[in-house]
Amino acid sequence: MSENKHTLSPENWVDNYADYLFNYAITRVNNHEIAKDLVQETFFAGLKAMRNFKGKASERTWLISILKRKIIDHYRKINSAKGKAEVKMNFYSEGEREGEWIEERVPNDWSSGIEKDIENRELGMALEKCIDALPEKYSMVFRMKTIDNFETEEICKELNITSSNLWVIIHRARTQLRRCLEVNWFNK
Amino acid sequence: MKVSCEEATKLCTIAQYGRLSIVESLKLNYHLFVCKVCGRFSKQNKMLTKCIDEHIKYTEKKYSTLSEKEKEVMSEEIKRGL
């Protein structure tokens, strides 16, 4: 056995990695309970898979790779959930004016001094609220692409959607977010 | 060369993730040149990217943790699984 080989010590997992994994998860799923469950599931899956641990990666890297898988599984569950809510339409979907802005959805000027708001923590909270208010599938795809930085191909493969689907979803999510911030922040 | 507002704003969003082809980029710029509303959207969409980046930076720095009680429960569960 080589000296550099990493080993597993599950009895120390919670002390060494629980917070690290939890922080990683909550940044992505934005829900304390869900993030906690994902960490717990990661530890269980780790225990079960201990025999497959080759010692090539560090214990932490190995656990993170399991957690990533758990997060994707969580996304897939959301993806397959029924009751597909749609976001409100912003453009005419048929007729002569197809593809044009619907009048009451046209972007307004943002009155407040936007640049100086950027570092305002409350703006971040408002943004988080707006993301949560999106239909689940939209917020999921948006998060995967924007926050998790998954490759487009990877998201499409995991969720079984085409890349053109993906961009439609992201576009609608962002159009909705823009409007949500306009109503709740910039023109309040 | 002409695209609808819906198509133009979609290109605008794709550009936020850095992946427009030359043709797409020409289409978008032509549309933004003639359409004031989409120009406004484009500006605000970029602004949205900045807000999001700032927010991600903050969330990662904040470092959320589990409570001691939650960790105790977890340790117990693992011991049982060993």
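Not measured: the values here are computed from a predicted model. Chain A is the first sequence line, chain B the second, and so forth, proteins listed ahead of strands; every chain is numbered from 1.
Options B:Ser75, B:Cys51, B:Ser64 differ in how many heavy-atom pairs under 4.5 Å they form with chain A, and the most are formed by B:Ser64. With respect to chain A, the highest number of heavy-atom pairs below 4.5 Å among B:Lys57, B:Glu54, B:Lys62 belongs to B:Glu54. Taking B:Thr9, B:Thr49, B:Asp53, B:Asn45 one by one and counting their heavy-atom pairs under 4.5 Å with chain A, the maximum is reached by B:Thr9. The greatest number of non-hydrogen atom pairs below 4.5 Å with chain B, out of A:Asn12, A:Leu127, A:Asn23, is found for A:Asn23. Among B:Val3, B:Val73, B:Ile78, the residue making the largest number of heavy-atom pairs under 4.5 Å with chain A is B:Ile78. Interface check for chain B: of the options A:Glu182, A:Arg174, A:Glu128, the most heavy-atom pairs under 4.5 Å are formed by A:Arg174. Taking A:Leu177, A:Leu21, A:Thr146 one by one and counting their heavy-atom pairs under 4.5 Å with chain B, the maximum is reached by A:Thr146. Comparing A:Asn90, A:Asn108, A:Asn30, A:Thr27 by how many heavy-atom pairs each has under 4.5 Å with chain B, the most go to A:Asn108. Chain B forms more heavy-atom pairs under 4.5 Å with one residue of A:Met125, A:Met50, A:Glu100, A:Gln40 than with any other, namely A:Gln40.
Both the backbone and the side chain of A:Ile147 have a heavy atom closer than 4.5 Å to some heavy atom of chain B. In this structure, chain B has no heavy atom under 4.5 Å from any part of A:Lys48. The contact between B:Tyr63 and chain A is made by backbone and side chain atoms together, counting heavy-atom distances below 4.5 Å. Of the atoms belonging to B:Gln16, it is side-chain heavy atoms, and not backbone ones, that fall under 4.5 Å from chain A. Residue B:Ile56 touches chain A through its side chain alone, counting heavy-atom pairs closer than 4.5 Å. Heavy atoms closer than 4.5 Å to chain A are found nowhere in B:Lys79, neither backbone nor side chain.
Cation-pi geometry between A:Arg60 and A:Tyr20 is met: the NZ or CZ atom falls under 6.0 Å from the ring centre, inside 45° of the normal. Relative to the ring axis of B:Tyr58, A:Arg121 places its NZ or CZ within 45° and under 6.0 Å from the centre. Judged by the 6.0 Å distance and 45° axis criteria, A:Arg28 is positioned over the aromatic ring of A:Tyr24.
Here the two rings, on A:Phe22 and A:His32, have centers that are under 6.0 Å apart.
For the residue pair A:His74/A:Glu41, the side-chain donor-acceptor check at 3.5 Å is not satisfied. A:Glu136 and A:Tyr75 form no side-chain donor-acceptor contact under 3.5 Å, judged by distance and modelled atom types alone. For the residue pair B:Glu7 / B:Ser4, no side-chain donor-acceptor distance below 3.5 Å is found, with atom types taken as modelled. Using modelled atom types, one finds no donor on one side chain facing an acceptor on the other under 3.5 Å when comparing A:Trp101 with B:Glu6.
For the pair A:Asp19 (side chain) and B:Leu66 (backbone), a donor-acceptor distance under 3.5 Å is present.
Note that CD1 of A:Ile102 is 9.0 Å distant from NZ of A:Lys88, once rounded to the nearest 0.5 Å.
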